[in-house]
Amino acid sequence: AQQGRVREKVYGKQKIYFAEQEQLPAASDAELRGLDGEIAARSAQLQAVQQSCRHMEAELKDLNSSMTTPEITREIEALRKDCASYTEKLERIKSATNHVTPEEKEKVCREQQLYRREWRRRKRMATELLDAILEGYPKSKKQFFEEVGIETDEEHGVELPAT
């Protein structure tokens, strides 16, 4: 700093040293334009390399997430075994002699309709009766059901089958 090659600046207790700029040769406008052109070329090159790197990383991610040839072979074998077992099961079902006749099916459907109709009728009667009781009851419907011990279809997640 005393010889003039390095400058010194004092900021409180800190001292900063830096090279004397006046001793360095000044660059001409042509050199500055050349350096600017080189910077632009290198920036474009950097962008191209970064784009290529992102593309390769995406491709690597796709390849890492895809199955390898041995894994695919094992998967195909497992699927073939499943297919064979399902085909065998289908053949057993087709060859079975204990099929339900249309008359039996119709009978079961009629019985289901009868039971469903009876369920609706009884539920409606019970609801009307409980509503009549609750008209004069001082507490809520929920409290009444708890005291009497009534369990509803809705509490157990049971729904009346559709027609």
* Answer with yes or no whether the side chains of E91 and Y86 bring together a donor and an acceptor at under 3.5 Å. => no

* Would E147 and K139 count as a side chain to side chain contact (heavy atoms under 4.5 Å, CB included) if you check the C-alpha gap in whole Å, the side-chain angles of each, and the deciding distance to 0.1 Å? -> CA-CA 10 Å; E147 286 179 14; K139 296 180 183 173; 2.9 Å; yes

* To do: Return yes when atom OH of Y11 has more than 12 non-hydrogen atoms of other residues, nucleotides or ligands closer than 6.0 Å, and no otherwise.
  => no

* **Flag if over 12 foreign heavy atoms under 6.0 Å of CE, M67** => yes

* Asked: Atom CD in E31, atom CG in D36: separation rounded to 0.5 Å?
  -> 12.0 Å

* Are L129 and L134 connected in the hydrophobic side-chain network, where two residues link if heavy atoms are under 4.5 Å apart? -> yes

* Asked: Is any side-chain N of the basic residue among K81 and E88 closer than 4.0 Å to the acidic one's carboxylate O?
  -> no

* **Nearest atoms (heavy-atom pairs only) where W119 meets E159** => CH2-O, 3.8 Å

* Asked: Would a hydrophobic clustering, with Ile, Leu, Val, Met, Phe, Trp and Tyr connected at side-chain separations under 4.5 Å, put I16 with V10?
  -> no

* Is the number of heavy atoms from other residues, nucleotides or ligands under 6.0 Å of H55 NE2 greater than 12? -> no

* Asked: Hey, is R42 close enough to E38 for a salt bridge, meaning N to O under 4.0 Å?
  -> yes

* Structure fact -> Closest non-hydrogen contact found for F144 with L130 is CE2-CD2, 3.6 Å

* Asked: Is a donor on one side and an acceptor on the other found under 3.5 Å between the side chain of E71 and the backbone of T68?
  -> yes

* Would you call R121 and E118 a salt bridge, taking side-chain N to carboxylate O under 4.0 Å as the test? -> yes

* To do: Can you establish whether the number of heavy atoms outside R54 located under 6.0 Å from its atom CZ is more than 12?
  => yes

* Taking atom CD of Q14 as the centre, does the number of heavy atoms from other residues, nucleotides or ligands within less than 6.0 Å exceed 12? -> no

